Asks: 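My questions will all concern the structure given below.
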Amino acid sequence: MEVHNSVESLRAALAAERRAGKSVGFVPTMGALHAGHISLVERSVSSTDVTVLSIFVNPLQFGKNEDLSRYPRPLEADLKLAEAAGVSHVFAPSVGEMYPGGEPLTSVHVARVTEPMEGALRPGHFDGVSTVVTKLFSIVGECTAFFGEKDWQQLAVVRTMSTDLSLPVTVVGCPIVREPDGLALSSRNVYLDEAQRRAALSLSAALRRGVDLVKSGVRDPRKVSSAVFEVMADEPGVDPQYAEVVDELLQTPEVIDTNCRVLVAAKVGTTRLIDNMGVDL
Ligand code: AMP
């Protein structure tokens with residue numbers, strides 16, 4: 001496994017791989033790797049010739065009062081996990097390497113799918129995501145890129161952006177990896193103490209409640225979302241931010257009559273968590 005800190009070094013290595021006829025898989029992350037990230041790597045390793053994993057905590061996608069400075073950065077452990085999972089190239093640039101002139105003057109903005117939920121609560125977040133992902137796609141070049149359904153809205157934003165800008169990237173969504181008790185894996189789970197971790201189970205419990213209601217025939221999305229919100233609100237120490245039922249375009253339907261997705265966000269102590277589940281009708 002090669003570790004690249006510069007754009008130039010990664011580009012040269014990938015040019016050599018392509019000359020040798022290799023296809024490229026790409027897994028962008030912010031590091032603090034867990035089994036969710038590794039599932040994306042495994043998918044890439046099994047379906048492409050060489051896998052690139054990027055580790056970059058992107059300042060552009062953090063709000064002023066968010067956790068940029070305390071975000072975990074266990075690089076040595078990440079490199080071990082990446083190597084064991086079969087990554088060929090790690091791209092771990094500094095902030096200065098990615099944004100040599102400071103905050104870039106160019107920003108990528110995706111409309112509409114960025115407006116509800118995360119976009120409404122985290123102004124500027126998706127512009128930061130779209131801008132860094134466009135830049136990473138430009139550095140990596142033609143590839144298949146693997147993203148987790150854990151960040152459902154982000155996946156929709158990246159798909160929209162790649163299609164709209166004809167980026168030479170096939171975007172593949174991969175299922176959410178959970179702990180046996182239902183908690184979705186997240187790099188932010190390390191912030192939770194024991195009691196908070198137990199309280200955080202209310203997110204997946206709330207989603208299961210929502211899925212059950214839809215499966216049992218409830219067709220009013222507002223009825224479902226308020227029941228989901230209540231499961232979280234009933235848990236001491238959990239401050240729910242939203243519960244939404246949306247269609248494929250991330251719009252709330254008048255009536256649930258096709259496959260839908262239930263999404264939630266909540267604060268557990270100072271830690272903000274998101275999760276979602278799909279319902280196939
Ligand atoms: P992050 O490091 O949080 O930016 O996540 C990097 C990638 O891993 C994103 O595509 C996430 O959606 C994905 N990911 C994070 N957590 C999980 C999980 N529990 N299951 C599957 N994919 C995940």
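Counting begins at 1 with the first residue of the sequence. Just follow the structure's listing: the first ligand is 1, and inside any ligand the first atom is 1. Note that the structure is a prediction, hence the values are computed from the model and not measured. Note that these values count all heavy atoms, side chains included, but never hydrogens, waters or copies made by symmetry.
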Asks: So if I count the atoms of ligand 1 from 1 in the order they appear, which ones are less than 4.0 Å from some heavy atom of His34?
Replies: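 By the 4.0 Å cutoff, the relevant atoms are 15 (C), 16 (N), 17 (C).
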Asks: Determine, for Glu230 against Arg209, whether the closest basic-nitrogen to carboxylate-oxygen distance falls under 4.0 angstrom.
Replies: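 Salt bridge absent between Glu230 and Arg209.
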Asks: List every atom of ligand 1 that sits less than 4.0 Å from any heavy atom of Met30, numbering the atoms from 1 in the order shown and giving each element.
Replies: 1 (P), 2 (O), 4 (O)
Asks: Counting from 1, what ligand 1 atoms have a heavy atom of Leu40 closer than 4.0 Å?
Replies: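 It comes down to these atoms of ligand 1: 7 (C), 8 (O), 10 (O), 13 (C).
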Asks: Give the atoms of ligand 1, by number and element, whose distance to some non-hydrogen atom of Phe147 is under 4.0 Å.
Replies: 10 (O)
Asks: What protein heavy atom is closest to atom 20 (N) of ligand 1, reported as residue, atom name and distance in Å?
Replies: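 Going atom by atom, the protein heavy atom closest to atom 20 (N) of ligand 1 ends up being Val177 N, 2.9 Å.
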Asks: Determine, for Asp67 against Arg272, whether the closest basic-nitrogen to carboxylate-oxygen distance falls under 4.0 angstrom.
Replies: no
Asks: I need the atoms of ligand 1 closer than 4.0 Å to a non-hydrogen atom of Pro28, numbered in the order shown.
Replies: 6 (C), 7 (C)
Asks: Run the salt-bridge test on Glu142 and Arg18 with the 4.0 Å N-O cut-off and return the result as yes or no.
Replies: no
Asks: Kindly confirm or rule out an N or O of Glu149 lying under 3.5 angstrom from an N or O of ligand 1.
Replies: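 No; every N/O pair is 3.5 Å or more apart.
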Asks: Lys150 heavy atoms, cut-off 4.0 Å: which ligand 1 atoms fall inside?
Replies: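 Selected atoms, number and element: 16 (N), 17 (C), 18 (C), 23 (C).
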Asks: Which of the atoms of ligand 1 are close to Leu185, meaning less than 4.0 Å from one of its heavy atoms?
Replies: 16 (N), 17 (C), 18 (C), 19 (N)
Asks: In Å, rounded to the nearest 0.5 Å, how long is the span from CZ of Arg197 to CD of Glu194?
Replies: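 Going from CZ on Arg197 over to CD on Glu194, the span is 9.5 Å.
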Asks: I need the nearest protein heavy-atom contact for atom 1 (P) of ligand 1: residue, atom name and distance, please.
Replies: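 Protein heavy atom with the smallest distance to atom 1 (P) of ligand 1: His37 NE2, 3.7 Å.
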Asks: For ligand 1, is there an N or O atom under 3.5 Å from any N or O atom of Thr29?
Replies: no
Asks: Do me a favour and list the nearest non-hydrogen protein atom to atom 11 (C) of ligand 1 with residue, atom name and distance?
Replies: Asp151 OD2, 3.0 Å
Asks: Relative to atom 21 (C) of ligand 1, which among Gly31, Pro175, Ala32, Cys174 owns the nearest non-hydrogen atom?
Replies: Pro175
